[in-house]
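A short write-up of the structure that comes next.
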Amino acid sequence: FKQKTAYEIRNCDWSSDVCSSDLRRPARICRISRVSRGPESFRWVLACALSVGLAWSWQTDLAAAAGDEAGRLFDSASDELGLVESARSRAEESGRRLLLVAGANWCHDSRALAVRLTTPPLDGFIAKHYEVLFLDVGYLDHGMLALRRFGTPIYYATPTVLVIEPSSGVVINEGNRHQWRNASLIGLAEASEYFEEMAVLEHRRDESSLSAQALQRLAEIDAWELEMVARLELAYLRLGPMLRTLDEAGLRPPSFDAQWEEVALFRTLVSLKLDALRTQVWEADDAAMWNTDAKFPVYADFSWESGGN
């Protein structure tokens, strides 16, 4: 299985986010005015996105989703850390890896992946090599503690998939967990290849092998990520209640679609940027090969930060 870089994302990967296939709206050009561009910005991403029309579809078709019970395996738990620890222990005792799938029943891509993992022909391989935990993120208000147990500060999409070595807690698929935001678009062959590789892949990112300069660069990237995580958490606090209202009452808050679109673009670009930056360091422990003269992307206040509706 070949990890797709930020430069190899397929056009269809830009067409969806968290619950992409539950969303219905004609393609539109996304707004980019909120991105403040430094010497090295997301211009290349946005140019690519705009060139293919960037079909962000943001209206969740919850009525249609309600009629589809397949893949509704994400059960909420009051003690998510306890739930994860129990699953980790079972994985360790059985000599399997922990497959943590953070998603939600309202998300089509989460359900699509759940169906893929629990039905033939892939289910037998998954049961043999993985202890699977379908972790419910609720209305963007659960799941963070469980992910942070394994060094992942937030989910940038649902589903988010972590393949974990249970004895050490190391995330094996650290560099390509974000692609499952489009789980409904990933076919059987590609999914099978991915999980077959992750079942045997050894963790190759050993920080003890890096230079002091590389470690400093990774620390800078981590610090920037935490700044973005704090902003994304505020977005989830705003979106969560609106998503609950839409799901449980069937009422669409007036500002939901615009804010969902805004948040989705932000978190997608951030996750792609993080993957690209870290890959630079791990693939070449040589500052001459990094874009260190480029500043991290800077964003003006978003609507959820400025109080806009």
Side-chain angles (χ1 to χ4, degrees), residues 6 9 13-25 27-36 41-42 45-46 49-50 54-62 65 102-110 136-144 147 152-160 177-184 224-247 251-275 296-309:
I9 300 298
D13 290 332
W14 287 101
S15 68
S16 60
D17 185 58
V18 178
C19 50
S20 58
S21 301
D22 280 343
L23 307 171
R24 301 289 185 266
R25 178 187 267 182
R28 58 173 295 181
I29 301 299
C30 68
R31 295 167 302 174
I32 61 175
S33 59
R34 291 189 177 276
V35 182
S36 299
S41 69
F42 286 151
V45 174
L46 295 171
L50 292 172
L54 190 51
W56 294 110
S57 301
W58 302 122
Q59 296 195 13
T60 307
D61 187 1
L62 293 167
N105 290 329
W106 47 260
C107 170
H108 178 84
D109 285 300
S110 295
D136 182 31
V137 303
Y139 295 102
L140 307 178
D141 55 358
H142 290 89
M144 238 76 80
L147 266 63
T152 300
I154 203 167
Y155 38 83
Y156 293 97
T158 56
T160 288
R177 65 183 183 270
H178 298 128
Q179 72 181 58
W180 293 100
R181 72 175 78 238
N182 291 310
S184 64
W224 180 73
E225 179 177 21
L226 290 180
E227 292 178 9
M228 299 303 101
V229 166
R231 301 181 75 175
L232 190 52
E233 286 179 322
L234 289 176
Y236 287 173
L237 285 174
R238 174 71 71 89
L239 278 178
M242 291 194 286
L243 182 59
R244 179 187 292 273
T245 297
L246 179 58
D247 188 17
L251 302 175
R252 185 180 298 278
S255 62
F256 176 79
D257 293 330
Q259 291 196 30
W260 186 273
E261 174 181 350
E262 189 178 25
V263 172
L265 177 59
F266 171 61
R267 65 182 183 178
T268 299
L269 295 179
V270 168
S271 64
L272 290 174
K273 186 65 173 179
L274 287 167
D275 286 348
F296 291 110
V298 176
Y299 297 93
D301 285 349
F302 292 97
S303 64
W304 67 84
E305 297 171 310
S306 61
N309 294 320

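Below, each value reflects all heavy atoms present in this structure, side chains not excepted, and no hydrogens, waters or symmetry copies. The first residue in the sequence is number 1, and the count goes up from there.
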Check your understanding: Between the main-chain N or O of Leu274 and the side-chain N or O of Trp224, is there a donor-acceptor pair closer than 3.5 Å?
Key -> no

Review point. Going from CZ on Arg231 to CZ on Phe266, what distance comes out if it is rounded to the nearest 0.5 angstrom?
Key: 5.5 Å

Practice item. Please examine the side chains of His142 and Asp136, heavy atoms only from C-beta on, and report whether any two atoms are closer than 4.5 Å. Key: no

Exercise for review: Using a 4.5 Å cut-off on heavy atoms from C-beta on, say whether the side chain of Leu232 contacts that of Val263.
Suggested key: yes

Exercise for review: Working to the nearest 0.5 Å, report the span between CG of Leu246 and OH of Tyr139.
Suggested key: 9.0 Å

Exercise for review: Applying side-chain contact (heavy atoms from CB on, under 4.5 Å), run through Tyr236 and Val137 and close with a yes or a no.
Suggested key: CA-CA 11 Å; Tyr236 287 173; Val137 303; over 6 Å; no

Point to revise | Closest non-hydrogen atom pair between Phe256 and Arg252, with its separation | key: CD2-NH1, 3.8 Å

Review point. Can you tell if the side chain of Met228 reaches within under 4.5 Å of the side chain of Phe296, non-hydrogen atoms only?
Key: no

Review point. Would you say the side chain of Trp260 lies within less than 4.5 Å of the side chain of Leu239, judging by non-hydrogen atoms?
Key: yes

**Study point:** Residues in side-chain hydrogen bond (donor to acceptor under 3.5 Å, both in side chains) contact with Ser271, at least two apart in sequence or another chain
**Key:** Arg181

Point to revise | Side chain Gln259, main chain Arg238, donor-acceptor under 3.5 Å | key: no

Review point. Side chain to side chain contact (heavy atoms under 4.5 Å, CB included) with Pro241: which residues, sequence neighbours excluded?
Key: none

Practice item. Taking the side chain as every heavy atom from C-beta outward, state whether Thr158 and Trp106 have any atom pair closer than 4.5 Å. Key: yes

**Study point:** With Glu227 via salt bridge (Lys or Arg N to Asp or Glu O under 4.0 Å) - residues at least two apart
**Key:** none

Review point. Parallel, tilted or perpendicular for Tyr156 and His178, by the 30°/60° rule?
Key: perpendicular

Study note, to complete from the structure: Scanning both residues in full, the closest heavy-atom pair of Leu140 with Leu243 reads CG-CD2, 4.4 Å

Review point. Between the main-chain N or O of Phe302 and the side-chain N or O of Glu305, is there a donor-acceptor pair closer than 3.5 Å?
Key: yes

Point to revise | Within-4.5 Å side-chain heavy-atom neighbours: Tyr155 and Met144 | key: yes

Revision key, fill the gap. In this structure, CZ of Arg177 is separated from OG1 of Thr152 (nearest 0.5 Å) by 4.5 Å

Review point. Gly103 and Ser110: which non-hydrogen atoms are nearest, and at how many Å?
Key: CA-OG, 3.3 Å

